[in-house]
Protein chains: 2
Amino acid sequence: MSDSLNNIRVVLCDTRHPGNIGSAARAMKTMGLSQLYLVSPHQFPDKQADWMATNAVDVLENAIVCADLDTALSGVVLAVACTARSREIAVPAVTAREAAARLVEVAQSQPVALVFGSEVRGLTTDQVKRCQMVATILTDASHSSLNLAAAVQVFAYELRQHAVQETIKPTVDKPRVLATHEEIELFYAHLERELMACGFLNPVEPKRFMQRVRRMFARMQLEHDEVKILRGVVRTLRTPKKR
Amino acid sequence: MSDSLNNIRVVLCDTRHPGNIGSAARAMKTMGLSQLYLVSPHQFPDKQADWMATNAVDVLENAIVCADLDTALSGVVLAVACTARSREIAVPAVTAREAAARLVEVAQSQPVALVFGSEVRGLTTDQVKRCQMVATILTDASHSSLNLAAAVQVFAYELRQHAVQETIKPTVDKPRVLATHEEIELFYAHLERELMACGFLNPVEPKRFMQRVRRMFARMQLEHDEVKILRGVVRTLRTPKKR
């Protein structure tokens with residue numbers, strides 16, 4: 001799992017603003033990526049990059065600066081060009097999600113790369129040609145320009161979701177103790193009795209309303225303790241406690 | 001499809017840096033989102049915000065500034081709190097992807113919201129309590145702090161991916177008419193008042209119990225009609241009808 005993330009390089013080509021390199025490093029680190037390659041950055045290392053990286057300065061310190069894309073792709077078996085524009089070049093074009101799935105799959109055993117162009121011009125035709133796949137983040141057609149770091153964040157996020165099949169663990173440690181069928185039936189019977197007694201329910205036709213109530217509480221997936229609480233609420237609303 | 005995106009509000013609470021508001025607006029616009037609500041921004045409007053928004057200045061111009069979260073959630077039927085931290089409050093916790101699926105589904109017919117906290121402290125407990133769901137972007141455990149705009153970008157991206165899918169498979173069921181934020185808050189206030197009056201609740205410490213109640217009903221995703229029913233039940237249990 002984390003092995004495959006370690007096999008994924010993020011390659012930034014011709015980046016103009018060092019702040020964007022820092023933001024990209026931060027975006028990578030949040031998703032467990034660490035292999036940063038910089039092809040001809042205009043300004044690096046740079047204080048602005050460190051500043052934007054916050055806790056990901058180690059990613060910058062370990063970044064490998066290369067003179068050209070071929071050097072950055074050395075040893076890589078699958079390189080994906082990230083681009084917003086549709087191009088004439090007929091390499092396979094896929095969504096970010098599809099690219100991430102493929103990259104993670106291959107990265108289980110061999111190095112792969114995700115290649116981003118400059119903030120202003122994107123990737124050159126020559127750079128795209130050196131990749132085996134072109135991937136696009138699906139955006140609003142009229143406004144497709146993601147900030148460089150934002151694009152890195154989305155791809156890094158997709159890579160992690162594919163690499164790590166995590167789920168959110170319940171925030172409470174102890175598992176929920178759900179109410180049994182009998183407990184829930186006793187609650188419905190109690191509620192029906194009291195609604196009848198207070199005049200809310202028509203004694204001749206209570207079924208329809210209670211059916212509605214059942215539907216509501218079924219969605220709730222009541223816990224054992226919650227049934228007790230609800231019954232206490234109904235009891236006390238009907239028969240107030242002495243003060 | 002774009003209808004559901006138009007029904008999704010992005011609510012930024014207590015944002016410190018106007019540049020982050022601008023970046024968030026840009027992130028929204030790339031994914032076709034436009035409804036921005038700002039709860040007590042430290043500095044807005046601001047040139048730095050406009051600068052970072054680039055082509056999304058219209059999103060900033062149409063942003064609605066609110067004094068509190070309740071105002072921003074007015075009319076909303078499902079509010080999702082975006083948080084990196086795990087919390088004691090056990091409202092349903094889901095991944096960004098799961099939250100996006102649910103938000104897009106509900107937003108086909110009614111307004112929903114995605115709520116973000118300040119860059120420094122995130123959402124307060126009180127703000128989270130006002131939401132029905134907590135969503136987390138799955139990150140590397142040791143480095144979970146996404147920049148605010150990066151988090152907005154990931155959620156906006158997920159929302160769009162779900163909204164676009166939606167055109168492929170049309171929904172068959174007629175949508176449920178969910179209760180608005182105000183309707184649900186009024187129900188809680190009504191219930192608390194009556195539980196206090198009948199002696200069920202200790203007037204000194206009602207918060208803990210009401211928190212438990214909120215948790216239960218948040219799971220229920222109450223409909224408009226169901227809130228009316230529940231309030232009728234509480235009212236009549238307390239004050240029986242004359243025969």
Side-chain angles (χ1 to χ4, degrees), chain A residues 23 26-27 29-33 54-56 95-97 137-140 143-147 149-150 153-154 157 160-161 164 166-172 176 191 194-195 197-200 209 212-213 216-217 219-223 226 229-230 232-234 236-243, chain B residues 23 26-27 29-32 54-56 86-90 93-97 134 136-140 143-147 149-150 153-154 157 160-161 164 191 194-195 197-200 209 212-213 216-217 219-223 226 229-230 232-234 236-243:
Chain A
S23 295
R26 177 176 179 178
K29 185 147 184 176
T30 61
M31 298 299 159
L33 294 169
T54 62
N55 293 324
T95 64
R97 189 160 292 175
I137 297 172
L138 296 175
T139 62
D140 190 75
H143 197 78
S144 62
S145 142
L146 265 76
N147 165 289
Q153 183 72 72
V154 167
Y157 164 76
R160 185 172 188 83
Q161 307 318 298
V164 185
E166 287 165 325
T167 48
I168 302 244
K169 294 182 194 84
T171 43
V172 273
R176 295 175 60 206
L191 182 64
E194 295 297 351
L195 288 176
C198 75
F200 185 90
F209 178 82
R212 181 106 204 222
V213 166
M216 286 167 58
F217 284 98
R219 291 205 309 271
M220 220 179 201
Q221 285 260 311
L222 286 165
E223 294 172 15
E226 291 173 341
I229 288 172
L230 286 172
V233 164
V234 170
T236 320
L237 285 171
R238 276 288 285 158
T239 317
K241 284 182 184 167
K242 297 280 186 315
R243 299 282 173 101
Chain B
S23 295
R26 178 175 176 177
K29 185 145 184 178
T30 61
M31 298 299 159
T54 62
N55 292 325
S86 64
R87 287 161 185 277
E88 284 171 30
I89 304 160
V94 298
T95 63
R97 189 159 293 175
V134 172
T136 299
I137 296 172
L138 295 176
T139 61
D140 189 74
H143 197 79
S144 62
S145 142
L146 265 76
N147 165 289
Q153 183 72 71
V154 168
Y157 165 76
R160 185 171 189 84
Q161 308 317 300
V164 170
L191 182 64
E194 295 297 350
L195 288 177
C198 74
F200 184 92
F209 179 82
R212 181 104 204 225
V213 167
M216 288 166 55
F217 285 99
R219 292 205 308 271
M220 216 179 203
Q221 286 261 311
L222 286 165
E223 294 172 14
E226 291 172 341
I229 288 171
L230 286 172
V233 164
V234 170
T236 319
L237 285 171
R238 275 288 285 159
T239 318
K241 285 184 186 169
K242 296 282 185 318
R243 299 287 174 100

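Each chain gets a letter, A, B and so on, in the order its sequence line appears, and its residues count up from 1.
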Relative to chain B, which segment of [X] carries a heavy atom at a distance below 4.5 Å: side chain, backbone, both, or neither?
X: A:L230; result: side chain
X: A:F209; result: side chain
X: A:A27; result: neither

Self-check item: Winner by heavy-atom pair count (cut-off under 4.5 Å) against chain A, out of B:Q153, B:R97, B:Q221, B:R212
Solution: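 Result: the option with the highest number of such pairs is B:R97.
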Practice problem: Heavy-atom pairs under 4.5 Å with chain A are the metric here; pick the option from B:A150, B:S23, B:A149 that has the most. | Solution: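 Greatest number of close heavy-atom pairs with chain A: B:A150.
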Quiz item: How far apart are the closest heavy atoms of B:A96 and A:Y157, and which atoms are they?
Solution: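 Closest approach of B:A96 to A:Y157, heavy atoms only: CB-OH, 3.9 Å.
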Exercise. Please name the pair of heavy atoms, one in A:F200 and one in B:T236, separated by the smallest distance, quoted to 0.1 Å.
Key: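 What the structure gives for the nearest pair is CD1-OG1, 3.2 Å.
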Quiz item: Taking the side chain as C-beta and beyond, is there a heavy-atom pair between B:R238 and A:C198 under 4.5 Å?
Solution: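 Heavy-atom side-chain distance check fails, nothing below 4.5 Å.
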Practice problem: Working to the nearest 0.5 Å, report the span between CG of A:L237 and OG1 of B:T239. | Solution: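 A:L237 atom CG to B:T239 atom OG1 measures 9.5 Å (nearest 0.5 Å).
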Exercise. Quick one: do A:T139 and B:M31 satisfy side chain to side chain contact (heavy atoms under 4.5 Å, CB included)? Show the steps, please.
Key: CA-CA 5 Å; A:T139 62; B:M31 298 299 159; 3.8 Å; yes
Self-check item: side chain to side chain contact (heavy atoms under 4.5 Å, CB included) between A:D140 and B:K29, intermediate numbers included
Solution: CA-CA 7 Å; A:D140 190 75; B:K29 185 145 184 178; 5.9 Å; no
Quiz item: So, the side chain of A:R26 versus the backbone of B:S145: is there a donor-acceptor pair under 3.5 Å, distance only?
Solution: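 Confirmed, A:R26 side chain pairs with B:S145 backbone.
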Practice problem: Show the numbers, then the answer: is there a side chain to side chain contact (heavy atoms under 4.5 Å, CB included) between A:E223 and B:M216? | Solution: CA-CA 9 Å; A:E223 294 172 15; B:M216 288 166 55; over 6 Å; no
